[in-house]
Amino acid sequence: MTSLPTYSTRQADGFAELLLAWYDRHARDLPWRVPPAKVAAGLRQDPYLVWLSEIMLQQTTVSAVRPYFRTFVEKWPTVGDLAAAPVDDVMKAWAGLGYYSRARNLKKCAEMVVSQHGGRFPDTEAGLRTLPGIGPYTAAAISAIAFDRPSAVVDGNVERVVTRYRAIATPLPEAKPEIGAFVASTVPHSRPGDFAQAMMDLGATICTPKRPACVLCPLRDGCRALKAGDPEFYPVKAAKKEKPKRVGAAFVAVRRDGAVLLRKRPEKGLLGGMAEVPGTDWTARIDGATGAEAAPFRANWRPKGSIYHVFTHFELELSVFIAYVDTAPPSGHWWSSRATIHSEALPTVMKKVIEAAIEGATQKPRRRPE
DNA sequence: TACGCGTGGGT
DNA sequence: TACCCAAGCGT
């Protein structure tokens with residue numbers, strides 16, 4: 001059992017004050033945020049909007065989230081609206097944002113808030129942690145931002161800011177407890193929500209992964225990494241694994257009126273519950289079936305080149321085939337018309353496939369290292 | 001604990 | 001180009 005360093009008030013002295021003063025001048029303007037001046041006037045963000053934005057922002061950039069957040073708030077202005085929505089509608093609205101289990105848990109969570117909490121989010125970290133999709137980070141963020149509690153909010157930005165400020169050379173994720181201890185010792189009992197958001201804004205705009213703008217940083221005087229001359233050295237991370245390559249084939253069946261044949265992927269696992277065109281399994285290159293002979297049914301399949309897509313843990317090359325057929329959909333499949341295809345729950349990789357088949361100037365073979 | 005889980009943008 | 005990265009969670 002290793003003991004964490006205890007941070008005296010003096011070690012973190014001034015940290016929160018300097019950071020908050022900076023935030024008062026430089027807070028980003030974000031649609032899900034109440035600006036510091038309004039927080040000072042007593043305004044709090046709707047916990048539903050804080051939760052929705054935090055789920056969307058998990059491992060996802062602000063620019064990617066903006067349009068989705070707007071759409072969701074328009075479609076489902078309250079947690080009750082979302083709880084009452086068909087899950088397929090939620091998946092369709094989430095399509096393209098990635099990490100689709102977030103969308104399923106979002107829906108489950110909304111239902112639980114309504115059925116078990118009277119339509120109000122729990123206002124403590126422990127209570128929030130009982131809900132699906134809410135982990136340590138998100139529970140702390142909601143409790144601080146929506147409920148004004150002094151939770152230690154630690155995300156990737158905070159990890160970077162703190163490992164630099166304290167010159168913590170322990171690699172992540174091993175360093176997380178030490179980072180958490182520092183944040184817990186530093187978070188102010190006044191303005192904890194602003195403090196959390198200030199840390200994240202600092203990490204996103206000043207204390208960036210590459211070429212941090214230390215000259216503009218409100219914490220530069222106390223930053224040990226800057227003093228040592230190489231802030232970019234931090235945070236130290238464990239080595240990454242190599243991404244395996246997989247291959248497969250995808251078959252775009254098109255009806256005379258332009259409708260495309262779709263089916264639904266299994267609820268669990270990769271792209272769980274999302275729509276796809278029929279295709280082979282995605283296997284290691286060795287014995288992958290990637291030709292027209294692997295088609296799910298007989299038709300005049302014509303090759304339309306291939307598409308390339310990178311997932312978190314593997315690279316995928318799909319050979320694309322197209323055929324014009326006019327039959328009843330096989331069981332479990334459906335025809336999606338030109339009008340509905342754009343609102344299906346199609347992940348980006350499948351949009352690439354359909355694009356290649358239909359718009360398809362055959363994609364120029366991409367050169368990749370073997 | 002380590003892995004499975006998307007996507008798009010930056011350098 | 002080939003990485004790296006982004007407000008993590010569930011198992």
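Protein chains get the first letters and strands the later ones, always in sequence-line order, with residue 1 at the start of each.
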Nearest of [options] to any side-chain atom of [X]?
{"X": "A/Gln59", "options": "B/dT7, C/dG8, B/dG4", "answer": "C/dG8"}
{"X": "A/Thr61", "options": "B/dC5, C/dA6, C/dG8", "answer": "C/dA6"}
{"X": "A/Pro209", "options": "C/dA6, B/dG6, C/dG10", "answer": "C/dA6"}
{"X": "A/Lys240", "options": "B/dT7, C/dC4, C/dG8", "answer": "C/dC4"}
{"X": "A/Tyr99", "options": "B/dT7, C/dA6, B/dC5", "answer": "B/dC5"}
{"X": "A/Lys241", "options": "B/dC3, C/dA6, C/dC9", "answer": "B/dC3"}
{"X": "A/Thr312", "options": "C/dG8, C/dG10, B/dC5", "answer": "B/dC5"}
{"X": "A/Thr60", "options": "B/dG6, B/dG4, C/dA6", "answer": "B/dG6"}
{"X": "A/Leu271", "options": "B/dT7, C/dG10, B/dG4", "answer": "B/dT7"}

Hey, does [X] reach any base, or is it just sugar-phosphate, or nothing, if we go heavy atoms under 4.0 Å?
{"X": "A/Val310", "answer": "base"}
{"X": "A/Leu30", "answer": "base"}
{"X": "A/Leu97", "answer": "base"}
{"X": "A/Trp51", "answer": "nothing"}
{"X": "A/Gly96", "answer": "sugar-phosphate"}
{"X": "A/Thr138", "answer": "sugar-phosphate"}

Rounded to the nearest Å, what distance is computed from the [atom1] atom of residue [X] to the [atom2] atom of nucleotide [N]?
{"X": "A/Leu270", "N": "B/dT7", "atom1": "CG", "atom2": "P", "result": "8 Å"}
{"X": "A/Leu172", "N": "C/dC5", "atom1": "CG", "atom2": "C1'", "result": "14 Å"}
{"X": "A/Trp94", "N": "B/dC5", "atom1": "CH2", "atom2": "C1'", "result": "13 Å"}
{"X": "A/Tyr100", "N": "C/dG10", "atom1": "OH", "atom2": "P", "result": "19 Å"}
{"X": "A/Arg211", "N": "B/dT11", "atom1": "CZ", "atom2": "P", "result": "9 Å"}
{"X": "A/Lys268", "N": "C/dG10", "atom1": "NZ", "atom2": "C1'", "result": "10 Å"}
{"X": "A/Lys243", "N": "C/dA2", "atom1": "NZ", "atom2": "P", "result": "13 Å"}
{"X": "A/Glu242", "N": "C/dC4", "atom1": "CD", "atom2": "P", "result": "12 Å"}

N/O (side chain, [X]) to phosphate O (OP1/OP2, [N]) under 4.0 Å:
{"X": "A/Arg160", "N": "C/dA6", "value": "yes"}
{"X": "A/Thr348", "N": "B/dT7", "value": "yes"}
{"X": "A/His313", "N": "B/dC3", "value": "no"}

Tell me whether [X] is salt-bridged to [Y], with the criterion being a basic N under 4.0 Å from an acidic carboxylate O.
{"X": "A/Arg149", "Y": "A/Asp123", "value": "yes"}
{"X": "A/Arg191", "Y": "A/Asp24", "value": "yes"}
{"X": "A/Glu315", "Y": "A/Lys245", "value": "yes"}

Could you check whether any side-chain heavy atom of A/Gln58 comes within less than 4.5 Å of a side-chain heavy atom of A/Arg102, counting everything from C-beta outward?
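A/Gln58 reaches A/Arg102 side chain to side chain.
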Between A/Pro173 and A/Phe311, which residue's closest nucleotide on DNA chain B lies nearer the 5′ terminus?
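Whichever sits nearer the 5' end wins; that is A/Pro173.
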Using atom C1' in both nucleotides, what's the gap between B/dT1 and C/dG10 to the nearest angstrom?
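13 Å, rounded to whole Å.
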Distance in Å, A/Trp334 CH2 paired with A/Arg263 CZ, rounded so as to fall on 0.5 Å steps
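These two atoms lie 10.0 Å from each other.
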Quick check: on DNA chain C, is the nucleotide nearest A/Asp155 upstream (toward 5') of the one nearest A/Pro132, or the reverse? Name the residue that is more 5'.
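Its nucleotide being nearer the 5' end, the pick is A/Asp155.
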Hey, which of these two, A/Arg129 or A/Arg28, hits DNA chain C nearer its 5' end, going by closest nucleotide?
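Upstream on the strand: A/Arg28.
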Donor-acceptor under 3.5 Å (A/Asp201 side chain, A/Arg28 main chain):
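Indeed, once roles are kept as given, a pair shorter than 3.5 Å links the two residues.
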Using only atom types and a distance under 3.5 Å, with no angle test, would you say the side chain of A/Arg160 pairs donor to acceptor with the backbone of A/Cys207?
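Flag set: sc A/Arg160 to bb A/Cys207 pair under 3.5 Å.
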